Amino acid sequence: MSGIKENSELLKAGNNGAGYRTVGELIQNDPKFSGHKRNKGGEYSHTILRKDIEREIDALFEEQRKFGSTYASMELEKEYKVIFGRQLPFAFDGAIEKLIGHCSLKPAEKRAPKASWTAERFILLSKIANLRVRSDGKKVPLSIDERRTIDNLAYKNTKVTYKQIRKALNWQDNLVFDSLPFTKKDKDPEDSVFVELKGWHAFRKCLSEKLGKDYWETISVNPRLLDDLAYALTFKKTDEDITRYLEERNIDKKIINAVLPLNFSGVVNLSAAAMSKLIPFMEKDGCRYDEACVKAGYLHNKSAEKERSLKLPVPDWEEIRNPVVIRAIAETRKVVNAVVRKYGPPESVQVELARDLSRSKEERDKIIKEQEENRSQKEKLAKEFQGKFHYSPNGRQLEKFRLWKEQNGFCLYTGQYLAPGDVFNGSDDSFAEIDHIIPYSISFDDGRRNKVLVTSGANREKGNRLPYDYFGGDGEKWDEFTARVNANIQNRKKAARLKIKSLDDSDISEMKERNLSDTRYITKYVAKWLEENLLFAEKKAEKNVTRINGRATATLRWQWGINALKDREGSDLHHALDACVVAAATPGIIKRISDYSRDRELQKLKVNAEDNKKRRCPEPWEHFRKEVEARLSENPAEKIREFGLAGYSESELNELKPIFVSRRPDRGATGAAHKDTIYSAKYLNDNPPRIVVKKALTSLKKSDLENMVGKERDRALYEALAKRLEEYGDKPEKAFKDGFKKPASNGKPGPIVRSVKIFDSRVAGLPVNGGIALNDGMVRVDLYQKNGKYFLIPYYVSDIAKKIVKNKAIAQGKREDEWITIDGTYDFIFSLFKNDLVRIIDSKGKEIFGYYNSCDRTNGAIEIKKHDGSVSWRGIGVRTAKLIEKYQVDVLGSYNKVKREKPSHELA
């Protein structure tokens with residue numbers, strides 16, 4: 001969006017303030033577009049605002065009329081703009097309503113549009129009711145007048161930030177918001193948006209501009225009218241459908257015409273009727289959602305008792321509209337039912353869902369970017385540490401160094417300067433220790449915002465108390481402490497946490513819920529579904545289903561000393577390790593860890609007075625870490641014997657198998673039939689046939705460079721690129737991270753190079769507009785055999801879509817029309833889809849067992865990945881293989897050989 005806005009401003013004020021007459025003139029003449037005219041590399045900085053293009057159309061037609069063109073009539077211009085602005089209908093009338101889920105309080109009714117007056121009113125009141133403020137660490141309730149002020153502010157301002165609330169209520173710095181969202185280091189958290197009534201303000205702006213402010217004032221007090229408008233603009237996607245819907249409700253034609261350009265999406269979990277019943281209690285009494293539900297006669301956290309079954313039933317998919325939840329439910333059902341079939345009903349279930357499961361691609365990309373930034377910061381910090389102290393820090397030392405820098409080197413409890421030579425001398429780490437501001441035994445918060453670096457003596461004296469309790473109510477010492485906090489801690493939330501004076505039971509309960517349980521909607525939904533439908537064993541647990549969040553899992557791994565076993569990049573077995581942690585994190589174990597943390601904070605952890613050793617955090621059972629390590633190994637029985645672990649009989653050890661990762665074969669044939677780019681057919685008759693593709697330098701390997709177009713002609717560029725890749729160990733993302741300039745003839749840097757042209761012989765595609773568009777994805781390969789040799793026929797999305805029966809098997813280095821013809825004399829063996837489990841014995845007798853991943857159409861070689869993803873075998877020739885077998889894998893990792901498959905068609 002910033003790029004679009006910038007281009008619109010350039011159009012008006014670029015060209016040294018003179019502006020540009022049209023978009024075309026801007027793109028042709030402005031320096032911003034001198035390098036390239038179109039968007040590149042996933043960036044959209046060269047995108048133009050639709051309205052600016054429409055103005056260009058107006059200008060071009062007007063100029064043509066000035067030149068006397070008889071074709072550039074007003075009628076043609078009008079029709080041209082209609083065609084330009086025309087969009088295909090998103091869906092037929094009623095299609096979107098059918099996809100909307102039902103209200104969780106009134107199941108017979110559909111959920112309301114997010115942009116409706118009722119939904120936005122409900123959300124606003126909920127946010128105000130849940131807004132928590134602290135004064136000197138103590139919770140302070142909002143007064144009725146304060147609630148009303150925030151309420152009015154939401155309808156006045158397009159967005160309401162925490163800073164605007166502070167200003168409107170004239171709050172001083174001693175009042176601190178209790179739940180500010182995370183922000184970047186250089187951004188004030190109070191600049192974050194508290195609430196935004198997008199629908200209301202969209203209607204206000206649109207109707208005020210088109211019908212006048214006075215007219216809007218009369219409409220703004222009519223919730224039913226605004227709800228109808230929001231419904232039509234959310235669920236109807238053509239002007240005709242919107243108009244028809246609103247006219248049926250007797251809405252003025254001029255209002256309809258005014259709002260037609262608006263478009264909304266999204267729903268809330270409740271119906272308009274249910275929210276209308278809750279809103280009066282929230283307005284009058286300031287009730288939270290749960291309190292309003294009780295007063296309105298709803299039991300929001302209790303469901304009607306359902307008949308439970310030994311196995312999870314097929315859910316009513318009509319009740320679930322979120323595709324992510326549908327996928328999570330479907331996969332959970334498969335796994336749980338498989339476990340029940342093998343081991344019987346469980347006593348309890350612990351649930352942890354993947355942290356990115358409910359996130360969009362954009363959100364996942366943002367998380368990845370933040371992770372990379374954090375990794376980069378750690379690397380810089382480690383480099384700085386090594387430069388100062390001349391040794392490589394471990395994780396604990398690096399965390400201390402980060403806190404030391406954050407506190408400007410001072411112990412916040414004593415005011416003593418923590419001399420780097422004492423803290424980081426490399427041999428004795430006991431001078432300064434990391435303390436949890438709010439004791440871990442109370443909060444279960446192991447995040448950096450709950451940690452400070454203090455002297456060991458101060459840490460022991462504070463124990464499991466808040467800083468305020470540690471100072472014992474000594475006003476002078478407390479004032480000195482808060483002055484040190486204000487002077488050295490820039491993070492407001494951390495500073496506020498250090499100044500907390502007391503915590504009540506609700507505070508402690510909320511902290512534990514937030515830091516131990518996964519509070520996301522999707523996890524709550526899955527846990528609730530399990531609780532309501534699964535028949536548990538007779539033994540009753542306090543909670544049948546418990547939600548565990550990823551932060552708690554990570555902390556427990558560290559507490560139990562098994563973090564070193566987790567190799568996220570090395571293999572997928574880290575999921576099994578996490579499953580061990582999640583399964584062991586029962587409420588009883590959490591209680592033991594809490595007791596341990598409290599004792600540790602009180603310095604009571606002496607095993608005996610003789611050796612003065614501290615005992616470790618209690619494991620779920622004795623030798624838990626060693627057992628997990630053994631079960632994750634390639635030979636668990638051997639490891640168990642090596643570790644001397646009791647509890648396994650010899651017969652059990654003889655039957656014990658290593659963990660096998662189960663993967664679901666990808667048999668879907670969805671997606672585009674071909675890629676968007678159309679390549680020239682100029683080199684298709686070469687032997688082998690090839691095309692020319694552009695390759696970004698950040699993905700250019702040395703092997704690619706050998707196929708560079710014109711490398712002999714532009715030797716200087718080729719050699720400069722090769723040298724750069726050599727310097728960075730053939731890692732292009734690092735080699736070209738900061739850009740690359742082509743060397744000029746005089747030896748000086750020339751123009752910026754972002755990509756080069758490469759010959760690519762992996763040609764498989766469809767003829768499009770005189771060129772070729774590459775196939776977008778190989779769906780499967782069919783395996784045939786004749787005279788002891790194997791042959792592969794590849795099938796693409798376009799082949800499946802057109803129901804093409806293929807009879808040409810891959811022949812190395814040849815065009816497809818020259819491939820081997822497969823007829824009725826060849827035996828069909830089976831089809832291979834991605835993630836099908838196969839066993840291959842190659843021509844030299846080597847056995848390869850793993851999941852099929854891909855096939856190279858240039859030579860017929862395939863790639864197999866080890867079950868846990870730790871190893872990949874590429875270039876496996878199948879033609880002369882001695883044996884190829886296929887196996888079926890269930891969700892628990894048991895596999896059986898596939899005896900025979902029927903072909904989807906018969907070859908002549």
Side-chain angles (χ1 to χ4, degrees), residues 331 334-335 354 356-357 364 368 565-579 631-636 657-671 699 701 703 730-731 733 762 764 775-783 790 792-797 810 829-898 901:
E331 292 302 313
K334 287 181 186 177
V335 173
D356 64 349
L357 184 60
R364 293 196 299 272
I368 291 171
L565 301 178
K566 181 158 182 169
D567 185 3
R568 183 182 293 272
E569 295 181 359
S571 83
D572 292 327
L573 288 178
H574 65 86
H575 294 300
L577 184 143
D578 282 344
R631 295 302 295 264
L632 290 175
S633 69
E634 293 277 0
N635 192 331
K657 296 179 180 178
I659 292 172
F660 191 87
V661 177
S662 172
R663 300 184 189 276
R664 183 177 60 184
D666 184 3
R667 294 190 171 92
T670 58
S699 60
K701 307 279 282 185
S703 57
D730 202 24
K731 293 181 179 179
E733 65 280 358
R762 292 171 295 176
N775 286 318
D776 200 25
M778 192 182 291
V779 177
R780 72 170 196 261
V781 290
D782 285 354
L783 184 70
Y790 294 97
L792 294 174
I793 298 179
Y795 276 83
Y796 294 87
V797 173
I810 297 172
I829 308 302
F830 45 70
S831 295
L832 279 181
F833 294 84
K834 185 174 182 179
N835 288 337
D836 269 331
L837 184 63
V838 294
R839 175 174 174 256
I840 298 176
I841 298 179
D842 68 15
S843 58
K844 296 180 180 179
K846 178 182 176 183
E847 181 179 359
I848 301 167
F849 189 60
Y851 289 104
Y852 166 76
N853 188 59
S854 63
C855 173
D856 187 341
R857 64 172 282 115
T858 63
N859 57 19
I862 64 174
E863 178 186 8
I864 303 294
K865 285 190 174 183
K866 191 177 177 181
H867 73 97
D868 61 6
S870 61
V871 178
S872 180
W873 298 284
R874 295 184 175 90
I876 301 171
V878 301
R879 179 71 60 82
T880 57
K882 292 182 178 180
L883 179 69
I884 303 179
E885 295 176 336
K886 179 177 173 180
Y887 290 78
Q888 187 171 13
V889 190
D890 67 19
V891 294
L892 297 184
S894 299
Y895 50 85
N896 295 290
K897 181 181 170 183
V898 175
E901 275 187 10

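Model, not experiment: these values are computed from the prediction.
Here the straight-line distance linking atom CD1 of Ile841 with atom CG of Leu883 works out to 5.0 Å at 0.5 Å rounding. Between the NE2 atom of His574 and the CG atom of Leu632 there is a distance of 11.5 Å, given to the nearest 0.5 Å. The CG atom of Leu573 sits 6.0 Å away from atom CD1 of Ile659, with the distance rounded to the nearest 0.5 Å. The line from NZ of Lys731 to NZ of Lys701 is 8.5 Å long, rounded to the nearest 0.5 Å. Considering CZ of Arg874 and NZ of Lys865, their distance stands at 7.5 Å, rounded to 0.5 Å.
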Exercise for the section: Starting from the C-alpha separation in whole Å, work towards a yes-or-no answer on side-chain contact (heavy atoms from CB on, under 4.5 Å) for Ile848 and Arg839. Expected result: CA-CA 6 Å; Ile848 301 167; Arg839 175 174 174 256; over 6 Å; no

Practice task
Would you sort out whether Asp842 and Trp873 count as a side-chain contact (heavy atoms from CB on, under 4.5 Å), showing the intermediate values?
Solution key: CA-CA 12 Å; Asp842 68 15; Trp873 298 284; over 6 Å; no

Exercise for the section: Give the intermediate values and the outcome of side-chain contact (heavy atoms from CB on, under 4.5 Å) for residues Ile862 and Leu792. Expected result: CA-CA 10 Å; Ile862 64 174; Leu792 294 174; 3.8 Å; yes

Exercise for the section: Mind running side-chain contact (heavy atoms from CB on, under 4.5 Å) on Asp666 and Phe833 for me, showing each step along the way? Expected result: CA-CA 6 Å; Asp666 184 3; Phe833 294 84; 5.7 Å; no

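Annotation: side chain to side chain contact (heavy atoms under 4.5 Å, CB included) contacts of Lys334 (sequence neighbours excluded): Glu331, Arg664, Val891. Taking Thr880 as the reference, Ser843 meet the side chain to side chain contact (heavy atoms under 4.5 Å, CB included) condition, with sequence neighbours excluded.
Of the listed residues (Ile876, Val878, Val781), just one forms a side chain to side chain contact (heavy atoms under 4.5 Å, CB included) with Cys855, and that residue is Val781.
Of the charged side-chain nitrogens involved, at least one lies within less than 4.0 Å of a carboxylate oxygen, so that Glu634 and Lys866 count as a salt-bridged pair.
Looking only at distances, no side-chain donor or acceptor of Glu863 sits under 3.5 Å from a matching main-chain atom of Ser872. Lys886 places a side-chain N or O within donor-acceptor distance of the main-chain N or O of Ser831, the cut-off being under 3.5 Å. Side chain of Arg780 to backbone of Leu832: no donor-acceptor contact under 3.5 angstrom is found.
Aromatic ring pairs are classed by plane angle as parallel below 30°, tilted from 30° to 60° and perpendicular above 60°; the pair Tyr887 and Tyr895 is perpendicular.
When side chains are defined from C-beta on, Tyr852 does not count as touching Asn835, because their heavy atoms never get closer than 4.5 Å. Taking 4.5 Å as the limit, some side-chain heavy atom of Arg663 sits within range of a side-chain heavy atom of Asp572. In this structure, Tyr790 and Ile840 have side chains that are not in contact, with every pair of non-hydrogen atoms separated by 4.5 Å or more. At a threshold of 4.5 Å between non-hydrogen side-chain atoms, the residues Phe849 and Leu837 count as touching.
The two residues Val898 and Gln888 make their nearest non-hydrogen contact at CG2-N, 3.8 Å. The nearest pair of heavy atoms linking Pro658 to Ser633 is CB-O, 3.7 Å. In plain terms, the two heavy atoms of Ser662 and Asp890 that are nearest each other are OG-O, 2.8 Å. The minimum heavy-atom distance linking Ser571 with Ser870 is given by the pair CB-CB, 3.8 Å.
Other residues, nucleotides and ligands contribute over 12 non-hydrogen atoms within 6.0 Å of the CD atom of Glu901.
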